[in-house]
Amino acid sequence: MPPRTNPTARQVRLGTELKRLRECAGVAAVEAARVIGVDPGKMSYIESGRVAVSEGRLCALAGHYRCTDESLVNVLVAMTGRQRRGWWEKYRGVVDPLTLDVAELEHHAVCLNSFQVVHVPGILQTAEYVRSLYSNDMHELSEEEVEAVVDFRVGRRQVLDRKPVLRLDVFIHEAALRIRVGDRKVAHDQLRFILDMTDRAGVTVRVIPFERDGFVAGSFPMLYAEAPVRRLDTVQIDRVHGSTFVDDERQLANYRRVLGVVGRAALSPSGSRDFIRRIAQQM
């Protein structure tokens, strides 16, 4: 099969991890290619996520690299196989590919940590909130395209229905709760929906109020997805041009520190629910 033109973020991550293992072992790409019986060009494609690697070849590489982290190898093996078609695939060609990567990232995570300053986190947005968000002059989308985005974003919540329960820890700045996306009813219903979601198992919502002194983490909105092994954690950041995915361990450590700062500034879960109720009453 020809190399993939647009590999998914998950496919790219698998290739990246194989390259990191190789470099950590001090093995040249030519030698690695020889171990699994491919030419150096194909090895390059494997490490860039453009060509699939079989479970057998991955295990052969891990053994040659003297990787003793069995948990890591098992998760990488799980990333090689032909996965069951994800629900998000029906939107391919309709919704931006990087947006689909977010749904896949959430699907494979064991815990999601979301921090937002201006908007309600996507996984908690109501259909009307999303529709209002995209029905403006900043988004040149047709009605059909807007409805596809709405349907997709609401669909992301199905990850919360899985067993075992996925843990979702959400930090929302007061600004995101007060900025009126849509009319008063849309804003009020969105706040009520957030309150309803806090009754679900595994979902925690905490608010950072304006009055918090010394809060300096406001420029780092993010989704931190915890993987089965920490080395495979990923941070997703929204940009004007689409999503950016961060997987460098040093950068991940910085984002974990940011989450720590945010957690210390946030109200308790019960205090946050009371806070949101008061804002909703003002709508």
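Side chains of Asp189 and Tyr129: a donor-acceptor N/O pair is absent below 3.5 angstrom, by distance only. Checking Arg50 against Gln11 by side-chain atom types alone, no donor-acceptor pair falls below 3.5 Å. In this model, no donor atom of one side chain and acceptor atom of the other lie less than 3.5 Å apart for Thr80 and Glu55. With no hydrogens or angles considered, a side-chain donor-acceptor pair links His64 and Glu31 at under 3.5 Å.
Heavy atoms from other residues, nucleotides or ligands lying under 6.0 Å from OH of Tyr65 number more than 12. By the 6.0 Å contact criterion, CZ on Arg162 is enclosed, its count of non-hydrogen atoms from other residues, nucleotides or ligands being greater than 12. Residue Arg180 places its CZ atom among more than 12 non-hydrogen atoms of other residues, nucleotides or ligands, all under 6.0 Å distant.
Residues Val12 and Met43 are members of separate hydrophobic clusters, defined by side-chain heavy-atom contacts under 4.5 angstrom among Ile, Leu, Val, Met, Phe, Trp and Tyr. By the rule that hydrophobic residues join a cluster once side-chain heavy atoms approach within less than 4.5 Å of another member, Leu133 and Leu223 end up as members of one cluster. In the hydrophobic clustering of this structure, Val38 groups with Val27; members are Ile, Leu, Val, Met, Phe, Trp, Tyr whose side-chain heavy atoms approach within less than 4.5 Å, directly or through other members. Tracing side-chain contacts under 4.5 Å through hydrophobic residues (I, L, V, M, F, W, Y), one never reaches Leu105 starting from Trp87; they form parts of separate clusters.
To the nearest 0.5 Å, atom CG of residue Leu232 and atom CD of residue Glu249 are 10.5 Å apart. For the atom pair CG of Leu61 and NZ of Lys19, the computed distance is 14.5 Å after rounding to the nearest 0.5 Å. The CG atom of Asn6 sits 9.0 Å away from atom CZ of Arg92, with the distance rounded to the nearest 0.5 Å. Here the straight-line distance linking atom CG of Asp96 with atom CG of Leu100 works out to 7.0 Å at 0.5 Å rounding. The structure places NE2 of His188 at 14.5 Å from CZ of Phe193, a figure rounded to the nearest 0.5 Å. In this structure, OG on Ser243 lies 5.0 Å from CG on Asp238, to the nearest 0.5 angstrom.
Judged by distance alone, with hydrogens and angles left aside, the side-chain atoms of Arg206 form no donor-acceptor pair with the main-chain N or O of Phe171 at under 3.5 Å. Under a 3.5 Å cut-off, the side chain of Arg157 and the backbone N or O of Gln125 do form a donor-acceptor pair. Distance alone, capped at 3.5 Å, is enough to place a donor-acceptor pair between the Ser272 side chain and the Val207 backbone. Side-chain N or O atoms of Ser135 include none that pairs as donor or acceptor with a backbone N or O of Ser132 at under 3.5 Å. Although no hydrogens or angles enter the test, the distance criterion places a donor-acceptor pair under 3.5 Å between the side chain of Glu145 and the main chain of Ser142. Using modelled atom types, no side-chain atom of Thr99 and backbone atom of Val95 make a donor-acceptor pair closer than 3.5 Å. Between the side chain of Gln158 and the main chain of Gly155, a donor-acceptor pair closer than 3.5 Å is present. Side-chain atoms of Asn74 come within 3.5 Å of backbone N or O of Glu70 as a donor-acceptor pair. Between the side chain of Arg156 and the backbone N or O of Gly122 there is no donor-acceptor pair closer than 3.5 Å.
In plain terms, the two heavy atoms of Ala265 and Pro209 that are nearest each other are O-CD, 4.2 Å. Nearest approach of Leu177 to Met283, heavy atoms of both residues: O-CE, 3.6 Å. The shortest non-hydrogen separation linking Ala148 to Val94 is CB-CG1, 3.5 Å. When all heavy atoms of Ala109 and Ala225 are compared, the closest pair comes out as CB-CB, 4.1 Å.
Ring pair His173/Phe210: centre-to-centre distance below 6.0 Å. If you look at Trp88 and His107, their ring centroids are closer than 6.0 Å. Aromatic ring centroids of Tyr224 and Tyr255 lie 6.0 Å or more apart.
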- request: Run the numbers on Leu168 and Leu124 for side-chain contact (heavy atoms from CB on, under 4.5 Å), then give the verdict.
  value: CA-CA 10 Å; Leu168 172 64; Leu124 294 184; 4.2 Å; yes
field: Trace of the salt bridge (charged side-chain N to carboxylate O under 4.0 Å, His left out) decision for Arg212 with Glu174
entry: CA-CA 10 Å; Arg212 277 289 189 259; Glu174 181 181 349; over 6 Å; no
- request: Using the side-chain contact (heavy atoms from CB on, under 4.5 Å) rule, take Glu226 and Asn113 through it: C-alpha gap first, then chi angles, then the decisive distance, then the call.
  value: CA-CA 8 Å; Glu226 297 181 28; Asn113 304 272; 3.0 Å; yes
query: Under the side-chain contact (heavy atoms from CB on, under 4.5 Å) criterion, do Val130 and Thr126 qualify, and how do the steps go?
result: CA-CA 6 Å; Val130 182; Thr126 65; over 6 Å; no
- prompt: Please walk me through it: do Lys185 and Asp183 pass salt bridge (charged side-chain N to carboxylate O under 4.0 Å, His left out)?
  reply: CA-CA 6 Å; Lys185 184 178 186 306; Asp183 59 24; over 6 Å; no
field: Verdict with supporting geometry, Arg200 and Thr198, side-chain contact (heavy atoms from CB on, under 4.5 Å)
entry: CA-CA 5 Å; Arg200 297 191 56 151; Thr198 62; over 6 Å; no
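Salt-bridge check for Arg13 with Asp247: passed, with a basic side-chain N closer than 4.0 Å to an acidic carboxylate O. A salt bridge links Arg167 with Asp169: at least one charged nitrogen is closer than 4.0 Å to a carboxylate oxygen. Ion pair Arg277/Asp274 flagged as a salt bridge, since at least one NZ, NE, NH1 or NH2 atom sits closer than 4.0 Å to an Asp/Glu carboxylate oxygen. A salt bridge links Glu17 with Arg20: the distance from a Lys NZ or Arg NE/NH1/NH2 to an Asp or Glu carboxylate oxygen falls below 4.0 Å.
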